[in-house]
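Before any comments, here is the structure.
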Amino acid sequence: MKTGIIVIIVLVLLGFFGCSKYNGMATKDEAVNKAWGNVETQYQRRADLVDNLVNTVKGSANFEQETLTKVIEARSKASSVQINPGELTPEKVAQFQQAQGELSGALSRLLVTVEKYPELRTTEQFQTLMAQLEGTENRIAVSRNDFNGAVNDFNSTIRTFPNNLIAGVAGFSARGYFKAAEGAETAPKVQF
């Protein structure tokens with residue numbers, strides 16, 4: 001009889017322990033989902049600003065249409081890549097990051113082209129949009145760092161013992177990080 005009571009007590013304690021660990025992992029999983037939502041929000045803000053920027057630039061006579069077309073196409077492609085927060089595998093995050101990188105490259109080419117149009121650069125609307133775009137790029141960097149911090153916390157939790165046992169049974173798997181864009185390790189050369 002005493003053995004049966006001891007077994008029941010041990011099982012109840014293990015159940016509470018397992019529930020506690022599972023709940024902790026679920027909370028960290030939701031933190032990753034929230035951080036991903038913040039990343040998507042900032043990228044959406046940038047995509048919305050790009051439309052305004054393109055329309056402002058279109059207003060300038062004789063602007064290179066090919067450059068604008070590439071920006072619009074890159075924005076469309078970047079907006080089409082959607083990832084469910086539950087599927088944040090390293091491959092999916094890399095796919096999202098690549099699409100966003102193409103938009104960044106197209107924007108850079110647009111801004112270089114704008115240098116040829118001093119009257120456009122001096123308009124108040126263009127300057128305001130550029131300031132908002134710069135602020136948005138900073139917000140994106142902060143959101144990506146916050147996301148990587150949440151992923152680090154989550155991945156560390158599910159990989160440690162005994163959490164890894166519970167994570168395996170509960171179906172929690174590691175999430176992907178944002179990584180530096182390819183070629184980012186090489187500093188750009190500036191020539192005057």
Side-chain angles (χ1 to χ4, degrees), residues 17-54 69-112 132-189:
F17 175 76
C19 287
S20 172
K21 291 296 183 181
Y22 176 85
N23 289 340
M25 286 181 239
T27 299
K28 291 176 191 262
D29 186 41
E30 284 304 311
V32 170
N33 292 342
K34 177 183 177 234
W36 180 252
N38 291 342
V39 167
E40 288 184 318
T41 298
Q42 295 309 320
Y43 276 115
Q44 184 61 51
R45 176 175 160 62
R46 178 174 72 170
D48 294 344
L49 284 172
V50 167
D51 278 346
N52 293 333
L53 182 64
V54 166
T69 302
K70 287 181 181 179
V71 171
I72 293 167
E73 288 171 356
R75 181 204 180 275
S76 176
K77 185 175 180 183
S79 297
S80 71
V81 177
Q82 299 293 320
I83 301 175
N84 180 339
E87 301 171 350
L88 291 171
T89 63
E91 297 80 22
K92 295 269 187 179
V93 172
Q95 178 187 13
F96 181 85
Q97 188 173 358
Q98 179 183 5
Q100 294 298 331
E102 289 177 21
L103 178 56
S104 294
L107 277 174
S108 295
R109 287 187 294 282
L110 174 67
L111 298 178
V112 166
Q132 287 181 5
L133 195 56
E134 180 182 353
T136 299
E137 292 296 331
N138 290 335
R139 289 177 182 174
I140 288 170
V142 169
S143 290
R144 287 172 57 159
N145 285 338
D146 291 348
F147 173 77
N148 280 348
V151 168
N152 181 15
D153 190 32
F154 176 76
N155 287 352
S156 297
T157 297
I158 67 167
R159 291 185 63 211
T160 56
F161 183 81
N163 294 344
N164 59 346
L165 301 174
I166 296 167
V169 171
F172 289 111
S173 58
R175 300 294 185 90
Y177 291 94
F178 269 105
K179 296 185 174 149
E182 199 170 309
E185 69 280 353
T186 306
K189 293 182 181 184

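Just so we're clear, the structure is a prediction, and the values are computed from it rather than from any experiment.
Residues L49 and T136 form a side-chain contact, since some pair of their non-hydrogen atoms from C-beta on lies under 4.5 Å apart. Side chains of T157 and D153 form a contact here, defined as non-hydrogen atoms less than 4.5 Å apart.
Remark: the N23 side chain and the T27 side chain contain no N/O donor-acceptor pair separated by less than 3.5 Å. The closest side-chain donor-acceptor pair between N148 and R175, if any, does not fall under 3.5 angstrom. Looking only at atom types and distance, the side chain of N38 has no donor-acceptor partner in the side chain of Q42 under 3.5 Å away. R139 and T41 share no donor-acceptor pair across their side chains, judged by distance under 3.5 Å alone.
Pairing each heavy atom of L165 with each of F161, the nearest pair is CD1-CE1, 3.4 Å. The nearest pair of heavy atoms linking N163 to K21 is OD1-CD, 3.0 Å. Minimum heavy-atom separation, M25 to F154: O-CE1, 3.7 Å. Between A150 and A35, the shortest heavy-atom contact is CB-CB, 4.1 Å. When all heavy atoms of K179 and R144 are compared, the closest pair comes out as O-NH2, 3.5 Å.
When each of N138, D146, N145 is tested with V142 by the rule side chain to side chain contact (heavy atoms under 4.5 Å, CB included), just one qualifies, namely D146.
Put simply, CD on Q97 and OG on S104 are 9.5 Å apart, with the number rounded to the nearest 0.5 Å. W36 CH2 to F96 CZ: the interatomic distance, rounded to the nearest 0.5 Å, is 4.5 Å. Atom CG in D29 sits 14.0 Å away from atom NZ in K34 (nearest 0.5 Å). Separating the CG atom in N155 from the NZ atom in K28 is a distance of 11.0 Å, to the nearest 0.5 Å. The distance from the CG atom of L88 to the CZ atom of F178 is 8.5 Å, given to the nearest 0.5 Å. Once rounded to the nearest 0.5 Å, the distance linking OG of S143 with CD of E40 reads 11.0 Å.
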Kindly determine whether V32 and F147 satisfy side-chain contact (heavy atoms from CB on, under 4.5 Å), including the steps that lead there. CA-CA 6 Å; V32 170; F147 173 77; 3.9 Å; yes
Test Q100 against I140 for side-chain contact (heavy atoms from CB on, under 4.5 Å), laying out the working first. CA-CA 11 Å; Q100 294 298 331; I140 288 170; over 6 Å; no
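Other residues, nucleotides and ligands contribute more than 12 heavy atoms inside 6.0 Å of the OH atom of Y177.
Listed by chain and residue number, nothing satisfies the salt bridge (Lys or Arg N to Asp or Glu O under 4.0 Å) test with R45 (two or more places apart in sequence, or in another chain).
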